[in-house]
Amino acid sequence: MIDPADIVLTGDRPTGPLHLGHYAGSLRSRLALQGRCAQTLLIADLQALTDLSGRADMVARRVPEVALDYLAVGIDPAVTTIAVQSRLPALAELTVLYLNLVTVARLERNPTVKAEVELRGFARDIPAGFLCYPVSQAADITAFRATLVPVGEDQLPMIEQTNEIVRRVNRLAGRPVLAECRPLLSETPRLPGVEGRKASKSLGNAIPLGAPPDEIRRLVRAMYTDPTHARAEDPGRVEGNVVFAYLDAFDPDTAAVAALKERYRAGGLGDSALKARLEELLEALLAPIRARRAELARDPGYVMEVLREGTARASPVTEAVLRDVREAFALG
Ligand code: TRP
């Protein structure tokens, strides 16, 4: 499935601290890919501005925070390139060129954009940059000649749209200047927020990677379980139970989780005992990440250097792709 010749590109918008959903959904795959093929992580600050231009200071502050999250979970900047989107002007120029290959109707039909427009309540007042962000994402992916993109299921339409653009550029160029990419989906289904809705940085329903023990406890205790499971002796439902979703995602002892599910279904396992187990598990997972994050945060100069160095490494790669694409548009 993964070829050492694969080129991996993925990114995150710097809009808030990364959380356990990111860890299960993509950070774990990135760690597994690290060292097995070329990999770049892009901190997508331009993409964040497509709906947060009014909070540009926050976005800028979040860029090194995302880098800290990457480093804290074990991304090694000597092996994996960490780059900042806004510092790579080739990405912006590629976006402008690709915009000529995409119709507004196609963008409006993109299911990811549709869902996000609804979530944000934009109705007809969609910032043009937001509507076009799939094109900017295609620029990100193709600028690195990426063949493999670790993403959540919600991003699949982005991959499809990227490959449409790739084919159009190649047709224009009369030769295969760009490669199509394929998604790498996580094995864990999307992790819900503590109350069972979509986990989101802005809803405060996700567990941040840097969460202190009392925040982990508060969020685990707030987890939605089964409202009909009032007493420990009552039989409980496992499906839709957020605690089990987290145990499935993070407890490596799958046999023990299966036994817990059986006991829970039969009756005899109380929510507080179940939550205590999860809390302990998450604390063991997050304690080393939290410690490393705190240590790295004491040296902001180091984080800035990682970003500067990674972006400098990425820049010539993106410039070479831009030269090829300019040529396809007779701008040689
Ligand atoms: N859209 C992604 C997110 O919402 C971030 C992103 C930007 C990205 N560029 C990318 C993901 C390229 C994969 C590939 O977080």
Side-chain angles (χ1 to χ4, degrees), residues 6-27 29-30 33 37-52 59 62-63 65-67 69-70 75 80-88 90-92 94-95 98 107 110-117 119-120 127 129-166 178-186 190-191 198-203 206 209 310-311 314 317-318 321:
D6 265 322
I7 299 174
V8 178
L9 181 282
T10 184
D12 295 281
R13 300 179 194 192
T15 56
L18 299 188
H19 52 68
L20 281 176
H22 297 108
Y23 190 76
S26 76
L27 291 170
S29 328
R30 302 175 196 183
L33 288 164
C37 46
Q39 176 166 241
T40 301
L41 307 186
L42 195 64
I43 304 183
D45 52 351
L46 287 180
Q47 192 179 106
L49 288 174
T50 63
D51 69 322
L52 288 170
V59 171
R62 284 290 172 192
V63 171
E65 295 289 325
V66 171
D69 286 331
Y70 289 164
I75 294 294
T80 297
T81 301
I82 305 176
V84 181
Q85 191 184 32
S86 63
R87 298 297 164 106
L88 295 167
L91 300 181
L94 283 171
T95 304
Y98 294 168
L107 287 163
N110 182 310
T112 312
V113 174
K114 248 182 161 167
E116 291 185 334
V117 163
L119 189 75
R120 289 168 174 75
F130 188 84
L131 183 66
C132 298
Y133 96 76
V135 180
S136 142
Q137 195 150 318
D140 300 342
I141 293 169
T142 54
F144 290 88
R145 302 192 188 282
T147 54
L148 193 61
V149 186
V151 284
E153 220 159 307
D154 59 314
Q155 295 279 312
L156 291 181
M158 298 295 175
I159 305 282
E160 208 176 298
Q161 190 145 29
T162 298
N163 286 337
E164 283 173 27
I165 292 173
V166 165
L178 300 177
E180 291 192 35
C181 63
R182 60 191 202 283
L184 178 66
L185 286 174
S186 135
R190 179 182 264 285
L191 207 59
K198 183 175 183 253
S200 135
K201 294 171 203 159
S202 49
L203 290 175
L209 295 176
T311 305
V317 178
T318 63
V321 171

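Whatever order the structure lists ligands and atoms in, that order sets their numbers, starting from 1. Quick note: numbers below take in every heavy atom, side chains included, and nothing from hydrogens, waters or symmetry partners. On a predicted model such as this, the values are computed, not experimentally measured, just so you know. In what follows, residues are counted from 1 in the order of the sequence shown.
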Specify side chain, backbone, both or neither for R13, according to which of its non-hydrogen atoms lie closer than 4.0 Å to ligand 1. both
Taking non-hydrogen atoms only, is Q155 closer than 4.0 angstrom to ligand 1 via side chain, backbone, both or neither? side chain
Could you tell me, atom by atom, which parts of ligand 1 come under 4.0 Å of a heavy atom of [X]?
| X | result |
| --- | --- |
| V149 | 13 (C), 14 (C) |
| D140 | 7 (C), 9 (N), 10 (C) |
| L9 | 12 (C), 14 (C) |
| A44 | 7 (C) |

Judging by distance only, is a nitrogen or oxygen of Q47 under 3.5 angstrom from one on ligand 1? yes
So, regarding D12 and ligand 1 (criterion: nitrogen or oxygen to nitrogen or oxygen, under 3.5 Å), is there a contact or not? no
Taking NZ, NE, NH1 and NH2 as the nitrogens, is one of them in [X] or [Y] under 4.0 Å from a carboxylate oxygen of the other?
| X | Y | value |
| --- | --- | --- |
| R182 | D6 | yes |
| E180 | R145 | no |
| R190 | D154 | yes |

Measuring from non-hydrogen atoms of L42 to any atom of ligand 1, is the shortest distance under 4.0 Å? no
Considering all heavy atoms, the nearest S186-A24 contact: OG-O, 3.3 Å
Does R87, at its CZ atom, have more than 12 non-hydrogen atoms belonging to other residues, nucleotides or ligands within less than 6.0 Å? no
Examine distances only and state if a side-chain atom of D45 and a backbone atom of S86 form a donor-acceptor pair shorter than 3.5 Å. yes
At what distance is the nearest protein heavy atom to atom 6 (C) of ligand 1, and which residue and atom is it? Q137 OE1, 3.7 Å
Lys/Arg cation over aromatic Y23: R30, 6.0 Å, 45° cone: no
